> 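Please see the structure below; I have some questions.
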Amino acid sequence: MNPVLTSDLTEAMKIIFSDPVIEQFIMESEFASLIQRDTSVPIIQTTGGRWVEMAHFWRSAGGTGARAENEYIPQTSKPQFQNSKIYLRKVMGTVEMTGDTMKRVQSGMGAFIDYMEKSLPELVKRLNSNVDRMYLGDGSGVRARVNGSLILVSGNIYLVPLKSAFGVDGYGGAWTLFNEGDLIVAAADAAGATLRTSGGLRSATVIDLVDDDVNPGLIVEFPNAGLDAQWADGDYLAGGDEAGVDFVMADGTDREIAGILAGVDDGGIISDYNNITRGANENRLWKALVVDASVNPWQGIANEELFVYVDDQIQRKGHGKPNQILFSQSAQRAYWKSLKTDRMFPDPRSYTGGKPSGLEGMLGDRTLPFKIARKLPAELSYLLELSSFSRLSLHQWEWDDNTGSLWNRVIDATGPKDAFFAVGMMYEQLFCKIPRHNARIEKMTLVT
């Protein structure tokens, strides 16, 4: 017998793809979701205009004093106001495909993905993950710095070691601020004024993450053999492509949303916050509390004594009452370990071990929930008064359908092409109107 084998019919057989696609990437929105859903965070709908200006009433007028009979009444002092200027930030996302792709890639056995039903929601997930990172950052666009020399993997692919999450020395976990597929650029300075370029190209693609807490890094593919040689130790990394970058503008204005690293600061990172200076001896209420947790008696470990102390400081120095604790996963582990010694077991026969999901902390007359953020460096924790924050927004995420369709035809200098793109955008800014009601805890120890 000479039967016809499967291999003999290879060219005549259809290629069948399994459905659905297995998602192998991690993108989440943790802290941003908290801010966006918490009812104590007011949402200010605005057109933005040139900027949004708010007046802060920091010192009341009047005078008081003790006087004897028939003496003069107390003289009055002048009130003090400060005006902050808040600029909305535009965050955009786009996907594109050729006309043939639009016609051929449909649901069913003959295709592995439906662009209309899959790619657009996944783009929104990527955008939410990016906004979540911005909510934790300072608005500069800097995600990390290069830590030493690049290590060749193969061809134009290199391992880029990382340090300094958000560009701040001593902050770890920088790899969590990137996603596979991100386009990134490097610059010799934090403002992105001196971008690394080669052959007219400046962006590289993140193809994998090195999720090592001690030696984190990125696996990056460069567009040519010259750009990798331009990247150097200490360079600042930000999102960017050949058309634009996330670094600040030439005049120093942020392109990204300014998150809690900018709002909850004493001037050490952001000296001017929304047009008001955080000077050494001025505008005290505009400076949040920054607590060094590495000193005695805490030694960098998250425990109840640390949070009670920080809460007391916020109340004493800023008259604030935090209602949320923001943790890294490392700080959560440390706090849980500190609580285990306080547990009582009335009936050990029915004890269930493990870590509880609903950790909370009692601070006097309040019980504060804990929120865990994967992108938050292990060295940081926050005590936040959420009502002191505001979200300024033009509208929520919207797809651009001005042409009557979600998809727009690509047109270049020659003319229309058989290709389409969809673009969406949102205008938003996070604003802390009373920074002194919040605290950032630094120099916490990584707990494994």
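Sequential numbering from 1 along the given sequence is applied to the chain's residues. Atoms considered below: every heavy atom in the structure, side chains included; atoms not considered: hydrogens, waters and symmetry mates. Quantities reported herein were computed from a predicted structural model and do not represent experimental measurements.
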> Mind checking side-chain contact (heavy atoms from CB on, under 4.5 Å) for N224 and listing every partner two or more places apart, or none if nothing turns up?
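In terms of side-chain contact (heavy atoms from CB on, under 4.5 Å), with neighbours along the sequence ignored, N224 is linked to S198, L201, L227.
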
> Does the side chain of S203 pick up a donor-acceptor pair with the side chain of E242 at under 3.5 Å?
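The answer is yes; a qualifying pair exists.
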
> Show me the donor-acceptor pairs, under 3.5 Å and distance only, between side chains in residues 206-213 and residues at least two apart or in other chains.
{"unit_1": "D212", "atom_1": "OD1", "unit_2": "V214", "atom_2": "N", "d": "2.7"}
{"unit_1": "D212", "atom_1": "OD1", "unit_2": "N215", "atom_2": "N", "d": "3.0"}

> Sequence neighbours left out, what passes ring-ring contact (aromatic ring centres under 6.0 Å, His included) with W175? Give chain and number order.
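None.
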
> By the ring-ring contact (aromatic ring centres under 6.0 Å, His included) test, which pairs, at least two apart or in different chains, include something from residues 188-220?
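Residue pairs with at least one partner in residues 188-220: there are none.
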
> Could you tell me which residues satisfy side chain to side chain donor-acceptor pair (under 3.5 Å) with D266, sequence neighbours excluded, listed by chain and number?
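For D266 there are no side chain to side chain donor-acceptor pair (under 3.5 Å) partners, ignoring immediate neighbours.
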
> Residues two or more places apart in sequence or in another chain: which of them pass side-chain contact (heavy atoms from CB on, under 4.5 Å) with D400?
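Expected list: N402, V423.
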
> Apply ring-ring contact (aromatic ring centres under 6.0 Å, His included) to Y309 and list each qualifying residue two or more places apart in sequence or on a separate chain.
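Checked Y309 against ring-ring contact (aromatic ring centres under 6.0 Å, His included); matches are W298.
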
> I'd like a table of donor-acceptor pairs (distance under 3.5 Å, sequence neighbours excluded) in which one partner is a side-chain atom from residues 163-171, with atom names and distances.
{"unit_1": "S164", "atom_1": "OG", "unit_2": "D169", "atom_2": "OD1", "d": "3.2"}
{"unit_1": "Y171", "atom_1": "OH", "unit_2": "E442", "atom_2": "OE2", "d": "2.4"}

> Which is it for H437 and S387 under the side chain to side chain contact (heavy atoms under 4.5 Å, CB included) test, yes or no, and what are the steps along the way?
CA-CA 10 Å; H437 286 194; S387 60; over 6 Å; no

> Can you name the ring-ring contact (aromatic ring centres under 6.0 Å, His included) partners of Y273, sequence neighbours left out?
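If we apply the ring-ring contact (aromatic ring centres under 6.0 Å, His included) test to Y273, skipping adjacent residues, the hits are W286.
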
> Among residues at least two apart in sequence or on other chains, which ones pass salt bridge (Lys or Arg N to Asp or Glu O under 4.0 Å) with R255?
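Listed in chain order: nothing, the list is empty.
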
> Tell me, please, which residues at least two apart from I301 pass side-chain contact (heavy atoms from CB on, under 4.5 Å).
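Residues passing side-chain contact (heavy atoms from CB on, under 4.5 Å) with I301: A334, T445, V447.
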
> Just to verify, what does D412 make a side-chain contact (heavy atoms from CB on, under 4.5 Å) with, not counting sequence neighbours?
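D412 satisfies side-chain contact (heavy atoms from CB on, under 4.5 Å) with T414, K417 only.
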
